[in-house]
Amino acid sequence: MAMNSLREFELLKKIGFIRTSGSEEELKAANILLEEISSIGITGHLENFKVPTSKIKKASLKVIEPYEKEYEITPYNCSVSTPIGGITTDFVYIEDGLGANLVDIKGKLVLINKGPDPKLYKKLLAAGIAGYITMCGTAMDEEEKTDITIARMREKNTKYGKVPALFMRMKDCFHMVRNKASKVKVELITEDIELTSHNVVVTLEGSKYPDEIISFGAHYDSVPFSTGVYDNGAGSVIIMEMLRHFKENPPIRTLKFVWYGSEEVGLLGSQAYLKAHEEELKKHLLMINVDVAGSILGKESALVTAEQSLVDYIDHMAKIKGFPLKVEQNIYSSDSTAFADAGIPSVTFCRFAPTGGAFIHTRNDVIDFLSAEALEKTTLITKEFSELIVNSIVFPIEKKIPDNMRKELDKYFNKESKKEN
Ligand SMILES: [Zn+2]
């Protein structure tokens, strides 16, 4: 059966609602995917896993010197609370947190240009900060048209300890710095809770090599405020189309199709899958991920976390078939990276919009910037590659993560070498 991008686009509209990690809506989307799977004549199932998050009970920030003004804030999920009644402390802007920015910050609430990476986070904690503020949006944002980011504190940071942490609009941060805010009162009261998230899983048994597995992956959750059609309802419907294709054209190797939940809060769905299927991983040869697609404006990309020969192969394939595709050896911040970290070569296909051409992680990730025609581009590339690889006479990809990619993965997951102190 030919690829049908109109059918893909219809399914994309069906799951185009906000579906955050562990929410009822995420489960609703999982069930829509399951229904679609059974309409193809296949049975899928859900695999659940726990996701730590938190409930906000109180969140306020007020500048008290040299002027008085309240600002809107959002705590990080899984931030720690301040004492009830809040704390009054000095406020300081530490830019990117370079050496000289970190002098005399003990006990202060610090404002950083962007969320701290583990290295900076560790330094901030060692310096004894009272808490930190991360900026989101731009200095020009209008309040009615934008939302304050909600994100979860990541384990690669919190393993060093926790302090109250929150997001603010960049335009408000700009206002505070410009007006020389020096003393603030901040109160964050949150409660740690656990939600249940789900992966949707389907197996198509291989006719000749059932013990050799290639998996297709796409995350189907969204961030708050976002209908997540570009990121990543699009990838979700593309791998559904792959499932249809391989149902019609039975593969010689076993295929797994997994729609991952809770990717947006730190690849939790793929990590749960890897943990729950440890034995099975020995049989996995390759993971094919699709993340962000369908934007009317854009360019096709493939990020290959595998040996260089696979990069060259995909590049040649694209040229021979006339696909405009940028291929590079790299890691991609999605579930493919969790697989690569587990030693399974991975490829992510995506369609990147030029800056401002389509949007992720905001309320502007909406269907208006996407089309069936654009969705078809990534679908056809994914299909061309998959069909050849899945049914190769001799499987050509070595199950090995090259050293340069291993380095990138270790950096991404912040696996420090023992020498670091
Ligand atoms: Zn994504």
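Computed from a predicted structure; not experimentally measured. Just so you know, ligand 1 is whichever comes first in the structure, and atom 1 is the first atom listed for that ligand.
- Taking the N/O/S atoms of His219 in turn, the shortest distance to the Zn ion (ligand 1) belongs to NE2.
- Between Tyr160 and Tyr121, the ring-plane angle classifies as tilted under the 30° and 60° cut-offs.
- Exactly one residue among Asp335, Asn289, Asp291, Asn199 makes a side-chain hydrogen bond (donor to acceptor under 3.5 Å, both in side chains) with His219. That residue is Asp291.
- For the residue pair Ser236 and Ala218, the shortest heavy atom distance occurs at N-CB, 3.7 Å.
- Within 6.0 Å of CD in Glu279 there are 12 or fewer heavy atoms belonging to other residues, nucleotides or ligands.
- Taking backbone and side chain together, Glu264 holds no N, O or S atom under 2.8 Å from the Zn ion (ligand 1).
- Within Asp231, the N/O/S atom positioned nearest the Zn ion (ligand 1) carries the name OD1.
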